[in-house]
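To keep things clear, I will list the structure first and then write my remarks on it.
In the text below, chain A, chain B and the rest are named by the order of the sequence lines, each starting its count at 1.
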There are 2 protein chains.
Amino acid sequence: MSKSEVVELPVLQGGDAVPCCPPITAGELSPADAEKMAGMFKALSDPVRLRLFSKIASHPGGEACVCDIADVGVSQPTVSHHLKKLREAGLLTSERRGTWVYYQVAPSVVAAMAALLDLRG
Amino acid sequence: MSKSEVVELPVLQGGDAVPCCPPITAGELSPADAEKMAGMFKALSDPVRLRLFSKIASHPGGEACVCDIADVGVSQPTVSHHLKKLREAGLLTSERRGTWVYYQVAPSVVAAMAALLDLRG
DNA sequence: CCGGCGTATCGACAAGCATCGAAGCAAGGA
DNA sequence: TCCTTGCTTCGATGCTTGTCGATACGCCGG
C-alpha cells in the first residue's frame, strides 16, 4: 500500500516487478514454486472471483468500492469472502476510505503472470 | 487431436489462436466467459498439475511420455488423474504410441492466456 | 496365447471450499 | 446518543476434489 494515486489501469504497469517464479517453460518447476503459482491460479479459479477481479481491473482508475461490484449473483458475505481470498493471494489490495472499502488490483500481479508464461515478447 | 507432429515448443506458437475470452481488463467478464476462464485456472491451481504441465512444456520437443514425468511424489493413479484433468481443460493433448502415452501442451493455450491478460505488447 | 509392463478407471475416504444467514464492527448523519 | 448503512467475521452445511489401493485395459515379446 505505497501508492494511493492510480492514474490508469494498474495492470501491466510495474515493468520489471516479477516477485514469483521462473517461466513455466524454462524447466521443471520446483515444488516450492509450484506451490506459489498454484496459490495464484487457485485464487482465480472461481467464476465469482474472476468476475470480481475483472470488475475491479476494468473499473475507472483500476479500483472499485465493494458496493460497485457486489452484484455477481451471490450474497454479500460471499462477496466479502471472495475478496478476502483474492487479497490473501496478493492479487488485490484494499483500503478503507470513510464508509466504503476500495479494492485495487495489485500492480505487479499480472506482470508476474506474464513472466510465468514466458511472454518476453 | 488433429496434429501429431510437434517440432518445437508448442507454447507461444499459434499466433492468433485465441479460443477463449476477451482480455480481463477490457470490461466486466460475462458469467459464461468467467466460467470458461475459471476452468482453465482451476486446472492449473494444483501444485502437482503445475509440475506435470511444466515438465511437459519444458521437455525436449514439447512432449513427454507419462513415464518421464510421473515422479512428482504421488501415486501413479493420481498422476493419471491429474493428466486427465489437464486434458479435459484443454491444456494438454495425448497420443498413444505403442506401449507409451505421450502428452503435449495444447498449442493455443498459453497464447489464449496471454490474450486474457491483455498482453498485446 | 500368455505373461509383463505402462496407463487408465473405479470406489472409497478425508480434506477443502463455496455458500448462506446471523451477528459483529466501523463510520456517518439525525 | 441512537439509528442506518457498508462491510467483515462466524458457524454450519453440502458439494467438490485430491489421494490411495485394487482392478481393468492396451500393447508387445516370447
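Distance, B/R87 CZ to C/dT9 P: 6 Å, rounded to whole Å. Between A/F41 atom CZ and C/dC17 atom C1' the separation is 20 Å, expressed in whole Å. Note: NE2 (B/H82) to C1' (D/dG18) measures 6 Å, nearest angstrom. For the pair A/L92 CG and D/dC7 C1', the computed distance is 15 Å after rounding to whole Å. If you take CD of A/E88 and C1' of D/dT9, they are 12 Å apart, rounded to a whole angstrom. Nucleotide C/dT19 holds its C1' atom 15 Å from the NZ atom of A/K84, rounded to whole Å. Residue B/I69 contributes atom CD1, which lies 13 Å from atom C1' of C/dG6 at whole-angstrom precision. Counting to the nearest Å, the C1' atom of D/dG18 and the CG atom of B/L83 are 14 Å from each other.
For A/H81, no side-chain nitrogen or oxygen approaches OP1 or OP2 of C/dC20 to under 4.0 Å. At the phosphate of C/dC20, OP1 or OP2 sits under 4.0 Å from a side-chain N or O atom of A/S75. Side-chain N/O atoms of B/K42 include none lying less than 4.0 angstrom from OP1 or OP2 on D/dT16. The phosphate of D/dG18 (OP1 or OP2) has a side-chain N or O of B/K85 nearer than 4.0 angstrom. The side chain of B/R49 contributes an N or O atom lying less than 4.0 Å from OP1 or OP2 of D/dG18. Distances shown here put every side-chain N or O of B/T78 at or beyond 4.0 Å from the OP1 or OP2 atom of D/dG18. Under 4.0 angstrom from either OP1 or OP2 of D/dT8 there lies at least one side-chain N or O belonging to A/Y103.
Residue A/D71 places its CG atom among 12 or fewer non-hydrogen atoms of other residues, nucleotides or ligands, all under 6.0 Å distant.
Set against C/dA8, D/dC7, C/dT9, the side chain of A/Q76 has D/dC7 as its closest nucleotide. When the nucleotides C/dA18, D/dA22, D/dT8 are ranked by their closest atom to the side chain of B/P77, D/dA22 comes out on top. Comparing D/dT8, C/dA8, D/dT19 by their nearest atom to the side chain of A/V101 picks out D/dT8. Considering only side-chain atoms of B/D46, the nucleotide from D/dC7, D/dG18, C/dA18 that sits closest is D/dG18.
When the nearest nucleotides of DNA chain C are assigned to A/V74 and A/R96 by heavy-atom distance, the more 5′-ward of the two goes with A/V74.
Taking the charged nitrogens against the carboxylate oxygens, A/E35 and B/R51 have no contact shorter than 4.0 Å, which rules out a salt bridge.
For the pair B/R49 (side chain) and B/A43 (backbone), a donor-acceptor distance under 3.5 Å is present. In this structure, the side chain of B/S58 does not engage the main chain of A/I24 through any donor-acceptor pair within 3.5 Å.
Expressed to the nearest 0.5 Å, how far CG of B/L91 lies from CZ of B/R87 amounts to 12.0 Å.
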Q) Yes or no on side-chain hydrogen bond (donor to acceptor under 3.5 Å, both in side chains) for B/Q104 and B/T93, after CA distance, side-chain angles and deciding distance? A) CA-CA 5 Å; B/Q104 303 100 24; B/T93 60; 2.7 Å; yes

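Backbone-only engagement by A/T99 is indicated by non-hydrogen atom pairs under 4.0 Å involving sugar-phosphate atoms exclusively.
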